[in-house]
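Below is one structure, written out as structure tokens; the observations come after it.
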Amino acid sequence: MAKTSELTFAPEQDQPVRYIERTRSYYLGLGYDNSYVWAHYVDVPFSRLQKPLNQSVLGLITTAVQFDPSKGPQGQGAAYNAAAKFYQPYKSPINQKQDLRIAHVGIDRKNANMEEIECWFPLAAARRVVEMGRLRMVSPNFYGLPTNRSQRHTLEIDAPIILEMLRADNVDVAVLIPNCPICHQSQSLLARYLEEAGIATVVMGAAKDIVEYCGVPRLLFSDFPLGNAAARPNDQASQDLNFELALRLLESAPAPRTTVQSPLRWSNDPMWKMDYSNLESLSKQEIARLRDEAEKVRLTARELRVKSVGA
């Protein structure tokens with residue numbers, strides 16, 4: 001009998017990062033005792049398209065923040081900048097030059113591109129789709145959702161404000177693009193809220209486990225670093241492919257909890273997935289330094305939150 005040839009499998013790391021597990025281990029490793037309780041639902045609301053996309057108005061919802069140079073470094077290589085956080089939903093005209101940044105949240109700073117806005121804000125791809133006649137129009141504004149650890153605040157305060165903004169702009173469908181782990185939860189909660197109000201949604205995300213654990217109608221999952229869920233850097237083809245996949249999900253998802261994975265790869269070497277919030281390779285001194293930094297960030301964010309929303 002001929003000897004069976006050895007099977008060749010992909011490396012074990014070549015699978016979606018388990019961000020819930022990774023972040024829990026990270027904060028326990030820093031000395032925090034209480035694990036964060038992530039939002040989790042069994043039932044998922046689901047709204048089908050009310051009209052074809054070429055007759056629909058699409059709204060883009062981001063967790064990125066408009067650049068304010070007075071709030072410190074926020075570009076490529078910037079550290080976690082809690083001073084740049086925002087706690088009130090906002091809208092901004094799409095016909096103005098946009099400079100959105102993601103330094104205020106916990107993205108993958110080692111691997112994600114923090115300069116090319118198309119990596120986390122697919123407005124250019126949406127405009128090209130409109131030019132093709134695939135979509136009637138992008139709404140006159142885009143919308144900013146705060147990255148809020150309080151699920152109650154997101155659902156009871158932020159989501160109704162965003163819904164009111166969308167209705168004022170006659171939005172029919174919404175594409176939601178999160179960045180950090182908590183962003184993915186906040187956008188998932190918002191997607192659920194909008195679906196209950198009759199607006200079909202799709203989340204373009206990079207934290208598959210968080211979005212699916214919460215439970216959303218439609219997820220376009222890209223196995224990319226946190227912060228770059230929309231596209232690869234310097235790659236218009238990836239922008240257009242992922243946005244088209246998001247539109248197809250809006251059209252064809254048969255039921256809630258429909259996930260489609262983009263065929264695009266970030267890198268042929270999956271070891272980049274081991275970098276985010278991984279304490280295993282760090283010394284005790286480095287872990288202590290990260291704990292001090294986490295406390296400073298927490299206190300800064302808390303002070304800003306109190307000033308902004310009073311709690």
Side-chain angles (χ1 to χ4, degrees), residues 49-69 74-75 84 86 88-105 113-147 158-179 183 186-187 190-191 193-194 197 199-205 218 220 227-231 233-247 249-251:
L49 294 185
Q50 300 301 306
K51 59 184 77 170
L53 285 177
N54 62 8
Q55 300 175 26
S56 298
V57 177
L58 180 142
L60 294 174
I61 306 173
T62 182
T63 55
V65 66
Q66 294 169 312
F67 177 56
D68 182 346
Q74 297 159 65
F86 68 101
Q88 304 263 3
Y90 71 85
K91 66 179 180 179
S92 182
I94 64 167
N95 60 2
Q96 297 179 1
K97 181 175 175 58
Q98 303 300 335
D99 188 357
L100 299 180
R101 305 294 177 96
I102 53 177
H104 65 298
V105 290
N113 182 293
M114 296 176 65
E115 288 186 337
E116 189 174 356
I117 190 172
E118 288 80 7
C119 289
W120 63 84
F121 186 61
L123 177 57
R127 283 174 166 159
R128 288 192 290 270
V129 165
V130 172
E131 292 174 359
M132 293 167 51
R134 180 87 167 86
L135 181 70
R136 178 189 165 200
M137 64 178 289
V138 180
S139 60
N141 299 289
F142 70 91
Y143 316 91
L145 176 72
T147 301
D158 297 337
I161 294 174
I162 295 288
L163 176 59
E164 183 179 358
M165 292 175 178
L166 297 181
R167 283 180 167 162
D169 288 342
N170 298 311
V171 169
D172 299 299
V173 296
V175 173
L176 297 78
I177 314 95
N179 290 295
C183 294
S186 298
Q187 292 277 44
L190 177 60
Y193 187 90
L194 296 180
I199 296 177
T201 67
V202 57
V203 176
M204 296 180 69
R218 306 167 189 83
L220 175 65
N228 287 175
N234 306 307
D235 188 347
Q236 182 176 318
S238 75
Q239 300 169 26
D240 292 339
L241 175 60
N242 271 0
F243 202 77
E244 173 60 25
L245 290 175
L247 295 182
L249 252 180
L250 283 168
E251 292 174 314

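Since this is a predicted model, take the numbers as computed values, not measurements. Basis for what follows: all heavy atoms, side chains included, without hydrogens, waters or symmetry-related copies.
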Using 0.5 Å steps for rounding, measure from the CG atom of Asp169 to the CG atom of Asn141. 4.5 Å

Specify whether Phe142 and Tyr90 have parallel, tilted or perpendicular ring planes, treating 30° as the upper limit for parallel and 60° as the lower limit for perpendicular. perpendicular

What I'd like to find out is whether the side chain of Leu247 reaches to under 4.5 Å of the side chain of Val129, using heavy atoms alone. yes

Got a second to check how far Leu176's CG is from Arg218's CZ, nearest 0.5 Å? 11.0 Å

Kindly say whether Ala230 contributes a backbone atom to a donor-acceptor pair with the side chain of Asn242 at under 3.5 angstrom? yes

Is there a donor-acceptor pair closer than 3.5 Å between any side-chain N or O of His104 and the backbone N or O of Gln74? no

Donor-acceptor check, side chain of Arg136 to backbone of Val57, threshold 3.5 angstrom: yes or no? no

Nearest 0.5 Å please: distance from the OH atom of Tyr193 over to the OG1 atom of Thr201. 14.0 Å

Main chain of Pro93, side chain of Gln98: is a donor-acceptor contact present, judged purely on distance under 3.5 Å? yes

Minimum heavy-atom distance between Ile177 and Pro122, given as atom pair plus value: CD1-CD, 3.6 Å

If the threshold is 4.0 Å, N to carboxylate O, is there a salt bridge linking Arg134 and Glu251? yes

Quick check for you: to the nearest 0.5 Å, what is the distance between Leu100 atom CG and Ile117 atom CD1? 4.0 Å

What verdict does the side-chain contact (heavy atoms from CB on, under 4.5 Å) test give for Ile199 and Leu166, after you've listed the backbone C-alpha separation in whole Å, the side-chain angles of each residue and the deciding distance to 0.1 Å? CA-CA 9 Å; Ile199 296 177; Leu166 297 181; 4.0 Å; yes

Any idea which heavy atoms bring Tyr143 and Gly59 closest together, and the distance? CE1-CA, 4.0 Å

Pairwise distance CG(Leu135) to CZ(Arg127) - rounded to 0.5 angstrom: 12.5 Å

Might you point out which heavy atoms bring Leu49 and Leu250 nearest each other, and give the distance in Å? CG-O, 3.5 Å

Smallest heavy-atom separation, Ile161 atom then Pro89 atom, equals CG2-CB, 3.9 Å

Going through the checks in order, is the side-chain contact (heavy atoms from CB on, under 4.5 Å) test met by Lys51 and Asp172? CA-CA 8 Å; Lys51 59 184 77 170; Asp172 299 299; 3.6 Å; yes

Cys119 and Asn113 have their tightest heavy-atom pair at SG-CB, 4.3 Å

Answer yes or no: is there a side-chain heavy-atom contact under 4.5 Å between Gln236 and Glu118? no

Side chain to side chain, Leu60 and Ile94, heavy atoms closer than 4.5 Å: no

Heavy-atom side-chain contact between Leu190 and Asp158 under 4.5 Å: no

I'd like to check Asn228 versus Trp120 (side-chain heavy atoms, cut-off strictly below 4.5 Å). Are they in contact? yes

Say you draw a straight line from CD1 of Ile61 to OG of Ser186; how long is it, rounded to the nearest 0.5 Å? 12.0 Å

Within the side chain of Glu116, is there an N or O that forms a donor-acceptor pair under 3.5 Å with the backbone of Ala231? no

Give me the atom names and distance for the closest heavy-atom approach of Leu194 to Ala174. CD1-CB, 4.3 Å

